[in-house]
Amino acid sequence: MALTDRDHRLRAQVTPEALFHDRRRVLKALGLLGAGASLSPLAQAGLLDLFSTPAKADGRLPLPHAKPAAYQAALPLTPEEKVLGYNNYYEFGMGKGDPAKQAQGLVTEPWSLTIDGLVAKPLTLTVAELGQRFALEERIYRLRCVEAWSMVIPWLGFELNQLLALVEPLPTARYVAFETLYDPKQMPGQASSRIGGGLVYPYVEGLRLDEARHPLTLLALGLYGKQLAPQNGAPLRLVVPWKYGFKSIKAIVRIRLVASQPPTTWSQAAPNEYGFYANVNPAVDHPRWSQASERVIGPGGLLDIRRQPTLPFNGYADEVAELYQGMDLRQWF
Ligand SMILES: Nc1nc2c(c(=O)[nH]1)N[C@H]1C(S)=C(S)[C@@H](COP(=O)(O)O)O[C@H]1N2
Ligand SMILES: [Mo]
């Protein structure tokens with residue numbers, strides 16, 4: 001799908017600055033910029049979005065990349081300021097605005113990634129080497145959080161499959177395990193359960209080998225044409241667009257090929273609420289809320305609070321449904 005003229009116009013119009021001022025103007029007109037105004041919960045969510053916005057330039061370097069037509073989805077993008085300001089990253093706190101504030105000091109360079117386990121050629125590469133070895137592509141993907149909000153993000157990355165091919169998985173390898181940096185000095189949530197929500201750290205995730213090899217599965221080094229910001233998982237994170245966002249693990253230091261299903265952080269924390277597969281599925285509700293629809297964090301202003309139906313496999317069913325043929329997706333949620 002190529003970008004239409006309308007997509008280009010949409011993109012050009014929705015600069016972070018324009019959006020920010022527009023929202024302030026609306027808030028002012030409504031008298032909501034003073035303290036104490038009473039707001040509906042949904043409007044409050046919009047206000048929280050506003051106040052979680054990082055205002056200053058962040059020094060992210062541009063990354064050269066191709067724009068393959070197949071991945072330029074004609075979807076309204078979530079503005080960059082919202083992608084940078086509304087995050088889940090419990091290593092830096094549980095509030096949506098915490099990572100943008102608390103992660104800025106994270107040292108992301110130099111950074112090494114080790115790929116080992118059941119492979120013929122284990123390998124350690126720096127992120128700089130990864131960037132040299134693999135050509136980056138821009139891929140516009142939907143991101144659907146298990147909390148029932150969604151974004152559309154232009155990632156920069158390469159297919160994880162390319163990296164897996166390099167290390168040559170052994171026939172006994174059936175799963176891939178991922179691990180975030182463990183450094184409680186830099187990641188305060190790892191040192192304090194009050195900040196980090198009591199998860200077991202380092203954050204770990206996993207995929208079946210065929211999921212990891214699927215062409216949609218991306219190792220991302222950037223978004224919106226530039227390096228990842230710390231709050232989005234710099235310097236290197238996973239993106240698996242048909243699964244709930246918690247599968248897309250940030251700040252990866254190790255990828256291990258293994259024989260059996262590896263433990264994953266959220267399914268360990270609450271096994272009845274978060275499964276290993278975590279495929280986006282409108283028909284299987286979270287025990288505490290419906291997954292039938294989602295709140296769109298899109299280009300709209302404060303008062304444009306939209307919900308849309310959740311799509312099976314987050315809209316990627318044509319590409320990935322075959323991976324799960326014959327599986328009961330209620331059981332393997
Ligand atoms: N290490 C780590 N990775 C993580 C998380 C986290 O808390 N720690 N949160 C996950 C969740 S729940 C989501 S929705 C996405 C959010 O990515 P974003 O903040 O870049 O939008 O990151 C995922 N990756
Ligand atoms: Mo999430």
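Side chains included, hydrogens not; waters and symmetry mates left out as well; all remaining heavy atoms used. Atoms within a ligand are numbered from 1 in the order they appear, just like the ligands themselves.
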Ligand 1 contact on Val146 by region, counting heavy-atom pairs under 4.0 Å: neither
Heavy-atom proximity to atom 20 (O) of ligand 1, best of Ile249, Ile153, Asn232: Asn232
Geometric class of the Phe134/Phe158 ring pair [parallel <30°, tilted 30-60°, perpendicular >60°]: parallel
Heteroatom distance test (Trp149, ligand 1): nitrogen or oxygen, under 3.5 angstrom: no
Top protein contact for atom 7 (O) of ligand 1, by heavy-atom distance: Tyr90 N, 2.9 Å
Phe178 ring center within less than 6.0 Å of Tyr203 ring center: no
Within reach of ligand 1, part of Glu91 (heavy-atom separation under 4.0 Å): side chain
Glu109 atom CD: more than 12 heavy-atom contacts under 6.0 Å: no
Nearest-neighbour protein heavy atom for atom 21 (O) of ligand 1, which is reported as residue plus atom name and distance: Leu143 CD2, 3.5 Å
Close aromatic pair by centroid cut-off 6.0 Å: Tyr90 and Trp266: yes
Structural part of Tyr203 in contact with ligand 1, heavy atom criterion under 4.0 angstrom: side chain
side-chain contact (heavy atoms from CB on, under 4.5 Å), paired with Tyr141, selected from Asn314, Leu216, Ile153, Val240: Leu216
Closest protein heavy atom to atom 15 (C) of ligand 1, given as residue, atom name and distance to 0.1 Å: Gly245 O, 3.6 Å
CA sep, side-chain torsions, deciding dist, call: Leu219, Trp155, side-chain contact (heavy atoms from CB on, under 4.5 Å): CA-CA 9 Å; Leu219 273 182; Trp155 301 104; over 6 Å; no
Donor-acceptor contact present, side-chain Thr180 to main-chain Lys250, <3.5 Å: yes
Min heavy-atom dist Ala251 to ligand 1 below 4.0 Å: no
Ligand 1 contact on Arg237 by region, counting heavy-atom pairs under 4.0 Å: side chain
Check: Glu147/Asn88 side-chain N/O donor and acceptor closer than 3.5 Å: yes
Atom indices of ligand 1, in the order listed, that fall short of 4.0 Å to a heavy atom of Thr180: 1 (N)
Atom CZ of Arg208 with >12 non-hydrogen neighbours under 6.0 angstrom: yes
Shortest protein heavy-atom distance from atom 18 (P) of ligand 1, along with the residue and atom involved: Lys250 NZ, 3.4 Å
Short N or O distance, Trp266 and ligand 1, threshold 3.5 Å exclusive: no
Where ligand 1 meets Cys145 - atom numbers and elements under 4.0 angstrom, heavy-atom basis: 14 (S)
Nearest non-hydrogen protein atom, atom 5 (C) of ligand 1: Asn88 O, 3.6 Å
Side-chain donor-acceptor contact under 3.5 Å, Arg144 with Gln291: yes
Heavy atom of the protein closest to atom 24 (N) of ligand 1 (residue, atom name, distance): Ser248 O, 2.9 Å
